[in-house]
Asker: 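Sharing a structure here in structure tokens format.
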Amino acid sequence: MTSEARRRAMTEAVAPATDVPPFRYTAALAGEIETRWQRYWQERGTFHAPNPTGPLADPDHPRAGAEKLYVLDMFPYPSGAGLHVGHPLGYIGTDCYARFQRMAGRNVLHAMGFDAFGLPAEQYAVQTGTHPRTTTEANIERYKAQLRRLGLAHDDRRSVATIDVEFYRWTQWLFLQIFNSWYDTDARRARPVAELVAEFESGSRPTPDGRPWAELDPAERRRIVDDRRLAYVSEAPVNWCPGLGTVLANEEVTADGRSERGNFPVFKRNLKQWMMRITAYGDRLLDDLELLDWPEPIKLMQRNWIGRSTGAHIDFPTAAGTPVRVFTTRPDTVFGATYMVLAPEHELVDALVPAAWPAGTKDAWTGGYASPRAAVEAYRKAAAAKTDVERQADAKEKTGVFVGAYATNPVNGAPIPIFVADYVLAGYGTGAIMAVPGQDERDWAFAEVFDLPIIRTVQPEEGFDGKAYTGDGPAINSAAPEHGLDLNGLGVTDAKARIIAWLEANGHGTGAVTYRLRDWLFSRQRYWGEPFPIVYDADGAAVALPESMLPVALPEVDDFSPKTFDPEDANSDPETPLSRRRDWVEVELDLGDGPKRYTRETNVMPQWAGSCWYELRYLDPTNAETFVDPVNERYWMGPQGEGDCGGTDLYVGGAEHAVLHLLYSRFWHKVLYDLGHVSSVEPYRRLFNQGMIQAYAYVDSRGTYVPAEEVVERDGGYFHGDVEVRREYGKMGKSLKNVVTPDDMCEVYGADTFRVYEMSMGPLEVSRPWETRAVVGAYRFLQRVWRTVVDESTGELRVTDTPADEPTRRLLHRTVDGVRGDMAGIRFNTAIAKLIELTNALTKLPATPREVAEPLVLMVAPFAPHIAEELWQKLGHAGSLAYADFPVADPALLVAESVTYPVQINGKVRGRIEVPADAAEADVRAAALEAVAGSLAGKEPRKVIVVPGRMVSVVA
RNA sequence: GCCGGGAUGGUGGAACGGCAUACACGGAUGUCUCAAAAGCAUCUGCCCGAGAGGGCUUGCGGGUUCGAAUCCCGCUCCCGGCACCA
């Protein structure tokens, strides 16, 4: 007995196939059809999209030179757990959209790659000793197999992974582009560093201290240039996470001061790290949001993250000689500044602190210390020891200490005490504020604690009984006639303008803009990431490797783990895995001035690096000369006319990347644009956030999760066997025992059914619960589609060449019209509902007219491509329908012959009339009144409204 | 606290200011069968009523309108983001 025969015998013993019609569309048949067509597509390269130039060009392709469409998914991190049914939702959505657009005549680029550097593979490597590459590549293969089974129409020649040396070679190249650039604030764009040096050399740009360039020594020159680079090394407060042994970007730290990955405490530490000058692009990242077709909430999140605020810098003179410069959005309230606050880390604090408390120091200001120095030291120490969580918990209660010195208010010469307090952040603005309790709630709270005066400088509205008044109103108490300054009576906006003009005229300050956005911390003390193409010379200065030395391959190491520490040990120091490979770190290179000893950078890039530009590599994945040929970039992503920013035509992914990936990627793209490497201003023109598929999980009384698939609902409760369990709702996960995989669904129903179900369960952008038992609805639908074409018992075609009857034909054209609109608008659930209605109408006919069967099959194809290909072939067509024309509705058949008008009396439907579509309004009115004559009971209607084609409304 | 998004049958969801509940799941009944499953057919928002029929219904309360799930105002609850940003 062959194994095949044995398997069949076993199957039959369990479920005798005796009376299942032999040609029914079953899961087994679906599986057979699906593998066959997947092989067909792969062998013929059906979904290869032709490039205009290069190795992927194909002038004979049916869509060569056609209108392009670039559809993109946020590429996945291939985790060891594999895919569950939630993951492919977006991928199926883009596939349906792409298949539709391809049939509608566009040249569609749709590919899938892998964001494959990252922490989990590295952590697994630390635990097991398995090389992260081994795990990651195995996971990628698993993902590919799972995705392949879904029948996604990707151009597989364009699949890339960020861990491929041929890919990260270009990531490193892009890093060098950024490193070798500076931001010209006058031209508002990045330019090569070489041009900056040329300007210094020629003298057209003065050096910072005015000495000629030629008189500076090499170290001074290098410092001047390095200070302007878009990628730079800085010793700055960073988020140090001892538990992970690495530093993290602001965006990777949660609101409660813990690491997004691993949930370890994060501490602020001054450490030398690589930074990206994303703040230089703050304005453009903000302004260009206008050009994007993105969901408004996502734009808003980016706006808030960038956090542009306009106001002024004001200098407050001090006895220390150097004035304290503050940033304020309310320069109009400067007359109300009754004290100042510096962040504990502010560099001027030490210079300001005197030996002893000055006369008149209030007890509350000293913190109980004998000298200002002791008080400040103690306060600093306490502030530094606070985690972000503690800072937030303490946010309501204002703390601080007087530094023992006064500053002078430049508008009226008033002496005002200077404090340090942790409610002022070192990293924002200038790290110092003028405190105006009358118009700021935080300052008011501080003033109450420290018994500081409060001066209102804006007249509150009538009836205002609060504390600080932040609304608009006329300025009061705001005049210094001796300085020619009077703001009194002006509204906030006018007062701001006048004070800024005064400050600038008198040299006390300037109008200014600051951002919440910080420069992007770009180095990680990990193993599994892109090495930097950077070495350090004998002086410790960073030197870029020339392009010819790329790629810098990630070396093998024995120990993949960075040194990790007690998660609470804030004073630990990072040690990278690469630093232990001394033979790799120490190299002799000839960088143009003879062989010298260098040490390599041992940090690696963060996981975001690869995802900052992968969409560009899909365009030209095999190009060895450049990261993407400009001709290919311009075709697929270039601006589509005046004022268009270019970019991908559709980008689908989860809203969780609203700021991280989407901001970083926009930043890199703009640098590339400035340097002339791409023609598009933005990487992703249209963004669509797909919802999440979540699932129920069930817990018993001990708090243990029970397998969700074994739970039954009865008597208004949920039971696992006899045990009542509690239902929870959330993500799918192994530990919650509620994972359902696409493989399961393909096994039981087939990929087409799974696809149709996911697309029909609701709008793509909405999150919703998974319900396995509802999948059968999609299965039944496809069975009915199958039956309209194929006789289940004979396998014969059920299709006739007799023309369709009028109602069926009209239904078809209405369906075509509706489905086209729904497909273009990404409303797949309603498109499928319309296809179901058409199919249900066909099943009632004795035979299916070919003129309906063919368009039905074509319209089903984007959702259920395998069964559609099979039926298309059975209908007598050779080859694939991937490039067949999507049906077009005949407008003449969309206008109804007769219309049913509901007739309302006082807003309630009391009758209906059926009239010819072209009936005159008066006739409709007459017919309507006659139809509801009974309900009116002889009363004369006060008013009759006829909405043509819609309804009749009678006011009685 | 601030900013976004949401709330429609038992469930997922339809509905240019114009017939609320399309389509699907679940449920009921029937058909086929020795039986069951699958498939197919009919019914299925809620309340009253034997029935004919009537009343009510889009989170809650107001408003605009001939007409509101949809527009406006005020609340409640749920989800997401930010959180001393001067």
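Each chain gets a letter, A, B and so on, in the order its sequence line appears, and its residues count up from 1.
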Asker: Identify whether any heavy atom of Leu425(A) sits under 4.0 Å from a base atom; if not, whether one sits that close to sugar-phosphate; answer base, sugar-phosphate or nothing.
Answerer: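 Base contact.
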Asker: For Tyr423(A), is the NZ or CZ atom of Lys398(A) found under 6.0 angstrom from the centre of its six-membered ring and inside 45 degrees of the ring axis?
Answerer: yes
Asker: Say we look at G1(B) and U8(B): how far apart would their C1' atoms be, to the nearest angstrom?
Answerer: 32 Å
Asker: Roughly how far apart, to the nearest Å, are U70(B) and G63(B) at atom P?
Answerer: 14 Å
Asker: Any strand counts, and the cut-off is 3.5 Å on both contacts for Watson-Crick or G-U wobble. Which nucleotide pairs with C60(B)?
Answerer: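 Paired with C60(B), as far as the under-3.5 Å criterion goes, is G74(B).
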Asker: Have a look at Lys398(A) and say if it touches a base, only the backbone sugar-phosphate, or nothing, with a 4.0 Å heavy-atom cut-off.
Answerer: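 It contacts base atoms.
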Asker: When rounded to the nearest Å, what value does the distance between C1' atoms of A69(B) and A22(B) take?
Answerer: 15 Å
Asker: To the side chain of Pro297(A), which of C82(B), A86(B), G4(B) is closest?
Answerer: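 Of all the options, the side chain of Pro297(A) is nearest to G4(B).
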Asker: For Thr843(A), report the nucleic acid contact type (base, sugar-phosphate, nothing); a contact means any heavy atom under 4.0 Å.
Answerer: nothing
Asker: Distance check: side-chain N/O of Arg780(A) vs OP1/OP2 of C25(B), anything under 4.0 Å?
Answerer: yes
Asker: What does the B/S/- profile of nucleotides 11-19 of chain B look like, 5' to 3', with a 4.0 Å heavy-atom cutoff to protein?
Answerer: -SSS-B-BB
Asker: Quick one: label Arg773(A) by what it contacts on the DNA or RNA (base, sugar-phosphate, nothing), any heavy atom closer than 4.0 Å.
Answerer: sugar-phosphate
Asker: State whether Arg784(A) places a side-chain N or O below 4.0 Å from either non-bridging phosphate oxygen (OP1 or OP2) of A24(B).
Answerer: yes
Asker: Remember a base hit wins even if backbone is also touched, and classify Glu792(A) as base, sugar-phosphate or nothing at under 4.0 Å, heavy atoms.
Answerer: nothing
Asker: With heavy atoms under 4.0 Å as the rule, sort Arg303(A) into base, sugar-phosphate or nothing.
Answerer: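 Result for Arg303(A) = nothing.
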Asker: Base, sugar-phosphate, or nothing for Ala833(A), non-hydrogen atoms under 4.0 angstrom?
Answerer: base
Asker: Decide if the gap between the ring center of Tyr339(A) and the ring center of Phe450(A) is smaller than 6.0 angstrom.
Answerer: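 That pair fails the under 6.0 Å test.
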Asker: Could you tell me whether the phosphate oxygens of A24(B), OP1 or OP2, come under 4.0 Å of any side-chain nitrogen or oxygen in Asn840(A)?
Answerer: yes
Asker: For nucleotides 68-73 of chain B, just jot down a letter per nucleotide in 5' to 3' order: B, S or -, based on protein non-hydrogen atoms under 4.0 Å.
Answerer: ------
Asker: Sticking with atom C1', work out how far G81(B) lies from G62(B), rounded to a whole angstrom.
Answerer: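 Per the computed distance, 31 Å lies between those C1' atoms.
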Asker: Determine the interatomic distance between C1' on G74(B) and the same-named atom on C79(B); round to the nearest Å.
Answerer: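 Pairwise C1' distance, G74(B) against C79(B), rounds to 22 Å.
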Asker: Which residue, Asp443(A) or Glu296(A), contacts RNA chain B at a nucleotide closer to its 5' end, judged by nearest heavy atom?
Answerer: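 The 5'-side residue here is Glu296(A).
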Asker: What's the gap between U64(B) and C72(B) when it is taken at their P atoms, as a whole Å value?
Answerer: 15 Å
Asker: Could you work out, with side-chain contact (heavy atoms from CB on, under 4.5 Å) as the rule, every residue matching Ala928(A), not counting sequence neighbours?
Answerer: Val903(A), Ile913(A), Val952(A)
